[in-house]
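Naming convention: chains lettered A, B, ... in sequence-line order (proteins, then strands); numbering from 1 in each chain.
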Protein chains: 2
Amino acid sequence: MELLFKDLSAELKNRRIHPSYQRIKVLDYLNKNQCHPTVDQIFKDLQREIPTLSKSTIYNTLNLFLKSGLIKVINIENNDAHYDIITKNHGHFKCESCGKIFNFSIDLNTFTTEELSGFKIIDKNVYFKGICPRCL
Amino acid sequence: MELLFKDLSAELKNRRIHPSYQRIKVLDYLNKNQCHPTVDQIFKDLQREIPTLSKSTIYNTLNLFLKSGLIKVINIENNDAHYDIITKNHGHFKCESCGKIFNFSIDLNTFTTEELSGFKIIDKNVYFKGICPRCL
DNA sequence: TCGTTTTTTGTAATGATTATTAAATACTAT
DNA sequence: ATAGTATTTAATAATCATTACAAAAAACGA
Ligand SMILES: [Mn+2]
Ligand SMILES: [Mn+2]
Ligand SMILES: [Zn+2]
Ligand SMILES: [Zn+2]
């Protein structure tokens with residue numbers, strides 16, 4: 001535990017982010033909950049441990065992590081953003097029944113098309129929608 | 001012009017949508033502006049032709065078209081939704097400088113993975129982000 | 001310890017979308 | 001044609017996620 005905190009702290013320092021208590025807690029949460037949580041889920045769960053926590057801090061922290069490339073944001077619907085600690089390229093499947101977001105591996109690094117020859121590609125995203133096995 | 005209106009009208013009737021003047025105008029707009037416009041762009045442009053037009057009508061109409069599968073919605077950022085009259089599967093590239101959304105052809109129909117073997121896939125989406133040639 | 005910077009917190013503002021309801025229009029049957 | 005009914009549009013209010021802002025708290029450095 002002590003050790004884990006040190007690891008998280010080091011991870012933040014690597015990214016030139018000052019490892020405050022709240023930031024470490026958010027990073028810890030994202031590491032333990034790799035289910036693509038929303039701001040609300042993160043806030044409600046962490047608030048039980050940190051009663052004085054503010055939702056603004058969650059937004060600030062996530063945007064900070066985003067800028068440094070520590071996490072990625074998933075926008076499938078235009079309502080709630082989901083956050084992903086796994087930054088290596090992979091696809092997402094969102095169940096339209098239970099709302100759960102699943103990972104699947106897909107390699108888009110190989111994909112190129114002459115239609116985008118003059119374009120500078122920074123980011124590639126793939127997501128499917130449908131019904132998960134549990135809901136079928 | 002008269003003929004075009006008839007075509008659009010027939011298209012709506014096919015989908016069991018009553019072809020009102022506003023609905024035909026929105027469909028006409030989407031046909032002529034295949035650049036993935038937002039609600040605001042559609043509203044502002046059509047308002048010049050139809051001074052009494054309401055933004056609610058745009059929302060209602062687009063949601064109606066969406067339900068019937070006549071159009072598709074593009075959610076790349078979580079701010080403004082863009083609408084696409086082209087419903088056959090293709091990829092989108094959003095320029096982070098000018099905001100423009102480009103089409104490119106990509107075939108995901110063939111893509112399968114055993115990770116999603118038990119899943120019912122309804123919809124597949126691909127979008128890239130980066131800088132377009134004009135902005136480079 | 002004092003002054004400065006950073007971080008957190010609380011609240012207000014923003015903005016896109018939806019909900020609601022009344023007005024306008026289209027349709028139907030007498 | 002007319003009256004009554006159903007549909008569509010318009011205007012406005014409500015919702016809700018996110019951002020902006022400013023004060024309080026904490027960390028830092030001399
Ligand atoms: Mn993921
Ligand atoms: Mn398109
Ligand atoms: Zn499900
Ligand atoms: Zn551009």
Side-chain angles (χ1 to χ4, degrees), chain A residues 5 8-9 12-13 15-29 36-68 70-83 94 99 101, chain B residues 5 8-9 12-13 15-29 36-68 70-83 94 99 101:
Chain A
F5 254 63
L8 297 170
S9 191
L12 289 176
K13 278 180 192 157
R15 305 269 180 170
R16 307 297 160 92
I17 296 172
H18 182 78
S20 73
Y21 178 68
Q22 285 87 343
R23 286 169 183 167
I24 290 174
K25 279 304 214 178
V26 171
L27 185 57
D28 183 40
Y29 184 90
H36 319 97
T38 63
V39 167
D40 254 53
Q41 289 171 311
I42 301 169
F43 174 64
K44 279 180 184 157
D45 287 346
L46 285 183
Q47 203 184 24
R48 290 186 301 160
E49 281 185 78
I50 315 164
T52 62
L53 186 66
S54 166
K55 196 180 274 188
S56 295
T57 301
I58 306 296
Y59 276 106
N60 288 339
T61 303
L62 290 173
N63 286 335
L64 196 65
F65 289 0
L66 274 177
K67 262 198 304 184
S68 76
L70 197 55
I71 62 173
K72 291 198 77 181
V73 64
I74 306 171
N75 286 310
I76 294 186
E77 318 290 341
N78 67 347
N79 39 22
D80 282 23
H82 295 254
Y83 294 88
K94 174 156 190 177
I101 296 176
Chain B
F5 255 63
L8 297 170
S9 191
L12 290 175
K13 278 180 192 157
R15 304 270 180 171
R16 308 295 161 91
I17 296 172
H18 182 78
S20 72
Y21 178 68
Q22 286 86 343
R23 286 170 183 166
I24 290 174
K25 279 304 213 178
V26 171
L27 185 59
D28 184 40
Y29 184 90
H36 319 97
T38 64
V39 166
D40 254 54
Q41 290 172 312
I42 302 169
F43 174 64
K44 280 179 184 158
D45 287 345
L46 285 183
Q47 203 183 23
R48 290 186 301 159
E49 281 185 78
I50 315 165
T52 61
L53 186 66
S54 165
K55 195 179 276 189
S56 296
T57 300
I58 307 295
Y59 276 106
N60 288 339
T61 302
L62 291 173
N63 286 335
L64 196 65
F65 289 0
L66 274 176
K67 262 197 304 182
S68 76
L70 196 55
I71 62 174
K72 290 197 78 179
V73 63
I74 306 172
N75 286 310
I76 294 186
E77 319 290 340
N78 66 346
N79 38 22
D80 281 23
H82 295 254
Y83 295 87
K94 173 157 193 180
I101 296 176

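We find that CZ of B/Arg23 is positioned 11 Å from P of D/dT7, with the value rounded to whole Å. Here the C1' atom of nucleotide C/dA16 and the NE2 atom of B/His82 are 12 Å apart, to the nearest Å. Atom pair B/Glu77:CD and D/dA17:C1' shows a separation of 15 Å (rounding to whole Å applied). Look at NZ on B/Lys67: it is 12 Å from P on C/dT18, rounded to the nearest Å. Distance, B/Lys55 NZ to C/dG15 P: 11 Å, rounded to whole Å. Protein atom CG of B/Leu64 is 12 Å distant from nucleotide atom C1' of D/dT7, rounded to whole Å. What separates CG of B/Asp80 from C1' of D/dT18 is a distance of 13 Å, to the nearest Å. A straight line from CG of A/Leu46 to P of C/dT9 spans 11 Å, rounded to a whole angstrom.
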*Could you go step by step and tell me if B/Leu27 and B/Leu70 meet the side chain to side chain contact (heavy atoms under 4.5 Å, CB included) rule?*
CA-CA 9 Å; B/Leu27 185 59; B/Leu70 196 55; 4.1 Å; yes
*Start with the C-alpha gap between A/Phe65 and A/Arg15, add the side-chain angles, then the distance that decides, and say whether side chain to side chain contact (heavy atoms under 4.5 Å, CB included) holds.*
CA-CA 9 Å; A/Phe65 289 0; A/Arg15 305 269 180 170; over 6 Å; no
*Report the C-alpha separation of A/Ile42 and A/Leu46 in whole Å, then their side-chain angles, then the decisive distance to 0.1 Å, and conclude whether the side chain to side chain contact (heavy atoms under 4.5 Å, CB included) test is met.*
CA-CA 6 Å; A/Ile42 301 169; A/Leu46 285 183; 3.9 Å; yes
_Step-by-step side chain to side chain contact (heavy atoms under 4.5 Å, CB included) determination, B/Thr52 to B/Ile50_ = CA-CA 6 Å; B/Thr52 61; B/Ile50 315 165; 4.0 Å; yes
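Distance from the side chain of A/Ser56 is smallest to C/dG10 among D/dT9, C/dT7, C/dG10. Here the side chain of A/Ser54 is nearest to one of C/dT9, D/dT9, C/dT17, namely C/dT9. In the set D/dT18, C/dA16, D/dA10, the nucleotide with an atom closest to the side chain of A/Val39 is D/dT18. When distances run from any side-chain atom of A/Tyr59 to the nucleotides C/dT7, D/dT8, D/dT18, the shortest one goes to D/dT18. Taking every side-chain heavy atom of B/Ala81 into account, C/dT17 is the closest of C/dT17, D/dA20, D/dT9. Looking at the side chain of B/Gln22, the nearest of the listed nucleotides C/dT8, C/dT17, D/dA10 is D/dA10. The nucleotide whose nearest atom lies closest to any side-chain atom of A/His18 is, among D/dA27, D/dT8, C/dG10, D/dA27.
Checking the phosphate oxygens (OP1, OP2) of D/dC16, no side-chain nitrogen or oxygen of A/Asn79 falls inside 4.0 Å. Side-chain N/O atoms of A/Asn78 include none lying less than 4.0 angstrom from OP1 or OP2 on C/dA16. Not one side-chain nitrogen or oxygen of A/Thr52 sits closer than 4.0 Å to the OP1 or OP2 atom of C/dT8.
No engagement by B/Asp40 is indicated, since no non-hydrogen atom pair under 4.0 Å with the nucleic acid exists. At a threshold of 4.0 angstrom between heavy atoms, the contacts of A/Thr57 include nucleobase atoms, whether or not backbone atoms are also involved.
Side-chain N or O atoms of A/Asp28 include none that pairs as donor or acceptor with a backbone N or O of A/Ile24 at under 3.5 Å.
The nearest pair of heavy atoms linking B/His82 to B/His36 is ND1-O, 2.7 Å.
Nearer to the 5' terminus of DNA chain D, by closest-nucleotide assignment, is the contact made by B/Thr61 (compared with the other of B/Thr61 and A/Asn75). When each of B/Asn60 and A/Tyr21 is assigned the nucleotide of DNA chain C bearing its nearest heavy atom, the one mapping closer to the 5' terminus is A/Tyr21.
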